[in-house]
Amino acid sequence: MTMEQQSGNNGKLGSVSNPLRVAVFGAGPAGFYAVEELLKQDGHTVSVDLFDRLPTPYGLVRGGVAPDHQKIKAVIKQYEKTAARPGFRFFGNVTFGEALALEDVLAHYHQVLFTTGAESDRRMGIPGEDLPGSSPATIFVGWYNGHPDYRELKFDLSTVERVAVIGNGNVAMDVTRILARSVDELAKTDIADYALAALRRSTVKEIYLLGRRGPAQAAFTNPEIRELTELAGVDLVVRPEDLELDAVNREFLALHASEQTHQRNVDILTAQIPKGAGTQPRKIHARFFVSPVEVLGRGRVEGLRLEKNHLVKDETGVFKAQGTGVYEEISCQLVFRSIGYKGHQLPGVPFDERNGIVPNRDGRVIDPATNHPVPRVYVAGWIKRGPSGVIGTNKLDAAATVQAMREDAEQAPVFNGLSPDLNAIPALLAQRQVRAVTFEDWKRIDRIEVEAGKKRGKPREKLTTLAELLAAAN
Ligand code: NAP
């Protein structure tokens, strides 16, 4: 018997009379791109319920993209078009594994797709990492972006002169820029009000941006490092010796010549050398070839112990930082480690702890015990491939998973007990006293935020607690 017959519907699965029912968990970019792919297929009718644990959609576009990068947030317009497609429903404030378990979802949908991203951070595994004043960049990002999970945190910048940001990715760039940028500029963004107030009191003068490898290997992209050279009141200070490329670095650049990003990053940084320490009141010290080996301090962060590195190419051809046994200490009162995000385990779904992703082939979740796909369960975005690429990278990634979903749906696997009634999930959530936020509710929140922003010359003033968000939804 096929799924179509067992679900008690007439017509082929994916027809108008018997749409494919899909649940997507995670309303960030990967979720929205997947929904778009699912809903735009010709001759294949799909109805999609998009869930998010927050009452608000858009994931990292709302809670991760830096507030001074408003242009990037324009992708929301595309997601709004997706949300307007027939067959789309949004259920915010619904946590997978709490409000709904995997068996609930599999009982009501033909397929389930997880696009839950990578919500936790990687650890350095060095002494002092958990001292007060040392935290993952991810929570600082969530804090200044008004994410309900982090809005209660306190970052007192009024007693801090020096901050160390560990890592050379674009998140490190964001954090460094937010700490360095003038408050008057930030005041025109959708930064959380309490974060703006804390930054107004900031006494931060020096920010150390620490890369374990060199400028040629840095993970940041050209516009992001260039932006640091253009900030008002800020000097980006580099050490000439970090830009003197040895044979291994030259080999790296030659091997990566087709990706111009690396050479351009080197050029942008080299152009800073003549400026020396500069004359501006705030300094960003971009330091390369250093690994933190200990966060120093009695009771709270007072500094960092760094080991000087040099670049080596190992036997497998990987260019790595290798310690030289030469150490130095820098003084700082805050440390943000920005060394990559990591996915969370989803209850009942296989998880690859080491890589922080759900094991999968082309988006089909794989059970490691059998090495076979888990029927009807899929992943896309960072939880599928790890935290890499820009927002747009998730488009192709999601399309590939949706392709696999469609192929599988056409094979119509045998399945018992499906209840694809559209009212069943809202009824189940109501029975469990979950106040699900619809897309119309979200638009209400959106209007209230935009209105409040207008009064302050900001694109929006975010509501940052669950209570405020739910009150606005009501
Ligand atoms: P990322 O790009 O992977 O960068 C991680 C950085 O941490 C690398 O410099 C890495 O150095 C370093 N690192 C890793 N382990 C370390 C350790 N133990 N000690 C010291 N350094 C260590 O990660 P991300 O910055 O979190 O960004 C995630 C993704 O989001 C990226 O694709 C990024 O481009 C994207 N993003 C884009 C934007 C934007 O477009 N404006 C903004 C934010 C984020 P190695 O290279 O030596 O491993």
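Remember, it's 1-based here, ligands and their atoms both numbered in the order they're listed.
- Annotation: Y144 is not in aromatic contact with Y150 [ring centroid separation under 6.0 Å not met].
- In this structure, the side chain to side chain contact (heavy atoms under 4.5 Å, CB included) partners of R162, at least two apart in sequence or on a different chain, are E206, Y208, S331, C332, Q333.
- At a threshold of 4.5 Å between non-hydrogen side-chain atoms, the residues P240 and I273 count as touching.
- Taking the six-membered ring for Trp, F140 and F155 have ring centres closer than 6.0 Å.
- Every protein residue with a heavy atom nearer than 4.0 Å to ligand 1 is included here: I166, G167, N168, G169, N170, V171, D174, R212, R213, A219, E224, S338, I339, G340, Y341, W382, P387, S388, G389, V390.
- A donor atom on one side chain and an acceptor atom on the other are found under 3.5 Å apart for S291 and N309.
- With 3.5 Å as the limit, one finds a donor-acceptor pair spanning the side chains of T221 and N170.
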